[in-house]
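This report refers to the structure that appears directly beneath it.
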Number of protein chains: 2
Amino acid sequence: MPPTDPPPAAPTAPAPVGLRERKKAQTRAAIQHQAMRLFRESGYSATTMEQIAAAADVSPSTLYRYFPTKEDLILQDDYDPLLAAAFRAQPRNLPTLEAFRAAVFQAMAQIPHEDQEEALERAYLGYTIPEVRARAMDHMLVTANTLATLFAERLNRAPDELEVKVLAGTVIGALLAAQELWIADRSRNLFLLLDRALQCLINGPGDLAPADPQEA
Amino acid sequence: MPPTDPPPAAPTAPAPVGLRERKKAQTRAAIQHQAMRLFRESGYSATTMEQIAAAADVSPSTLYRYFPTKEDLILQDDYDPLLAAAFRAQPRNLPTLEAFRAAVFQAMAQIPHEDQEEALERAYLGYTIPEVRARAMDHMLVTANTLATLFAERLNRAPDELEVKVLAGTVIGALLAAQELWIADRSRNLFLLLDRALQCLINGPGDLAPADPQEA
DNA sequence: CAAAATTATGAGAGTAGCTTCCACTTAGAA
DNA sequence: TTCTAAGTGGAAGCTACTCTCATAATTTTG
């Protein structure tokens, strides 16, 4: 039911052991790296799949096997499982949203700094290029369902209960709000914005005072 | 900055007066109607743009002039201005979310029943076909910004304030939750689900009780 | 009412990404 | 070493989509 997932195995979860798996991960990384370089230098749409294949020293058919669509070159990563694990590890007495907020930061802390940089660059491209942004937004639906499942699990409720889904939805909405402000001014700290957005959900009554820009 | 919008004039807002405008609206409707029929009969991807053009009795180039992409055949409508107008017409003393809830139903009431049916069918297709869903989700961003502007206007705040954007984001999240439940079981009333989802936002503390499935 | 200006339409060729097919090579296991 | 399975490469086809220019219709103007 959820949207398309990358057929080839994800890069992180099961650390590659065999020689084959290692080469595969290597090829994937090389392709993605070269693609990002070309996008940076020549622009996304001006870069053809053939150019990327050539730069990464593989054939177009191989490229297509690793990244079924051009957008996947930007979108593919998989930090969601990391976040899920961090969330499950939160103490049960914490309110759901607080637990989520903590999980976000713990998960982020596990990602090497250089990978964070790259993820941010991909996030930016993923927002500015319409086709990619569309796919990225689509992935938000998957994330929303993942969140609903996690929340339901924690709350002893069904994942398809309206209230649970709404809660997950609001979190997604907060993420979007933070992301958008970051895109508008990338000198701001995305994670700080994210934290503040979640804080709005936590203490917010959902509604604001009409005129006064102050609410603590 | 917002995603691509349909270049040709929208069908609703300024009621077509001249002969030219009327013919244009007619052609647009014919194309979209034929496209939906073909999609229903043969499936989305199995239907080519040429077939649609032929069925609507126009040339492919004309088809592209009306609907720049295949997805637009499903996505194009413009009820957002209707909603905006309805929201602006709400009494100022109503809390923001309540005003929005009322606006949704007032706007919906203005849409002829048959058009509602068609909109629902398009919404369904727009969710089940991955490429289209991606574009639909992308449009959610535009809607989120529209909402932020409307809310900011009503609250005497800046539209790019985090709290305002978060509020708009949560509304989007609630809409998504309702839509998803409706997709899972289309015999349910989408607007009722939507209402309940918004209600969750209004009275919800944002967080739920852990074990008890009851909260009134 | 007729001519001019504006705008919609049609036809065609061209681009490029995605997708598929088949033959080949290479890595890992018995 | 031999068998098996998987990754790889080359080429071709399909189709969404773009661009240009000539033609036809509609509106406006004289």
Side-chain angles (χ1 to χ4, degrees), chain A residues 3-4 6-9 11 14 16-31 34-35 38-39 42-76 129-132 134-135, chain B residues 3-4 6-11 14 16-32 34-35 38-39 42-76 129-132 134-135:
Chain A
T4 56
V17 280
L19 200 163
R20 222 171 213 165
E21 312 258 342
R22 230 174 322 142
K23 275 189 97 172
K24 227 161 71 171
Q26 198 174 326
T27 306
R28 166 185 304 277
I31 292 176
Q34 290 299 320
L38 287 172
F39 291 161
S42 321
Y44 177 78
S45 50
T47 304
T48 71
M49 292 295 263
E50 282 196 19
Q51 287 171 10
I52 298 170
D57 224 29
V58 295
S59 75
S61 46
T62 300
L63 168 58
Y64 177 73
R65 199 169 285 110
Y66 280 92
F67 298 92
T69 73
K70 199 175 176 183
E71 295 109 57
D72 284 313
L73 284 164
I74 293 183
L75 297 175
Q76 239 179 68
I129 302 155
E131 330 156 40
V132 188
R135 283 283 314 270
Chain B
T4 57
V17 281
L19 199 161
R20 215 168 219 167
E21 313 259 342
R22 225 171 328 137
K23 275 188 96 172
K24 231 161 69 170
Q26 199 174 326
T27 306
R28 166 185 305 277
I31 292 175
Q32 201 168 26
Q34 290 299 321
L38 287 171
F39 292 160
S42 319
Y44 178 77
S45 51
T47 304
T48 71
M49 292 296 264
E50 282 196 20
Q51 288 171 10
I52 297 170
D57 223 29
V58 294
S59 74
S61 40
T62 300
L63 168 58
Y64 274 107
R65 207 166 278 117
Y66 280 91
F67 300 92
T69 74
K70 198 176 178 183
E71 294 112 55
D72 285 313
L73 285 163
I74 293 183
L75 297 175
Q76 234 177 72
I129 302 156
E131 330 155 39
V132 188
R135 284 280 314 270

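So you know, we letter chains A, B, ... as the sequences are listed, proteins then strands, and number each from 1.
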Do A:Met49 and A:Leu73 have side chains that approach each other closer than 4.5 Å (heavy atoms only, starting at C-beta)? yes
Can the positive tip of A:Lys70 be found less than 6.0 Å from the middle of the six-membered ring of A:Tyr44, inside 45° of the ring normal? yes
Which whole-number value in Å describes the distance from B:Arg22 CZ to D:dT26 P? 11 Å
Please check the phosphate of C:dT9 (OP1 and OP2 only) for any side-chain N or O of B:Thr62 closer than 4.0 Å. no
Measure from CZ on A:Arg28 to P on D:dT8 and round the result to the nearest Å. 11 Å
What I want to check is whether an N or O donor and acceptor connect the side chain of B:Arg20 with the base of D:dT27 at under 3.5 Å. no
Mapping B:Pro60 and A:Met49 onto DNA chain C by nearest heavy atom, which one lands closer to the 5' end? B:Pro60
Can you find a side chain N or O atom of B:Tyr64 that sits less than 4.0 Å from OP1 or OP2 on C:dT9? no
Could you check which of D:dG9, C:dC18, D:dT26 has an atom nearest any side-chain atom of A:Glu71? C:dC18
Does B:Thr48 or A:Asp57 map to a spot on DNA chain D nearer the 5' end, using the closest nucleotide for each? A:Asp57
Just how far, in rounded Å, is C1' of D:dT28 from CD of B:Glu21? 15 Å
Round to the nearest Å and state the distance from A:Leu38 atom CG to C:dG17 atom C1'. 16 Å
What is the separation between atom CD on A:Glu50 and atom P on C:dC18, rounded to the nearest whole Å? 11 Å
Nearest non-hydrogen partners of B:Gln76 and B:Tyr66, listed with the distance: NE2-O, 3.8 Å
Taking OP1 and OP2 of C:dC18, is either one under 4.0 Å from a side-chain nitrogen or oxygen of A:Lys70? no
Testing the basics here: between B:Pro60 and B:Glu50, what is the closest heavy-atom pair and its distance to 0.1 Å? CG-CG, 4.4 Å
If you define the side chain from C-beta out and look only at heavy atoms, does anything of A:Thr69 sit under 4.5 Å from A:Arg135? yes
Rounded distance (Å) that lies between atom P of D:dC17 and atom CD of A:Glu131: 10 Å
At under 4.0 Å, does any side-chain N or O of B:Lys24 touch on OP1 or OP2 of C:dA8? yes
Interatomic distance, B:Asp72 CG vs D:dT18 P [rounded to whole Å]: 10 Å
Atom-to-atom span, NZ of B:Lys23 to P of D:dT27 - whole angstrom: 9 Å
Nearest-nucleotide pick for A:Thr69, side chain only, options being C:dC18, C:dG10, C:dG17: C:dC18
What nucleic acid atoms does B:Thr47 come within less than 4.0 Å of, heavy atoms only: base, sugar-phosphate, or nothing? sugar-phosphate
N/O donor-acceptor pair, side chain A:Ser61 with base D:dG9, under 3.5 angstrom: yes
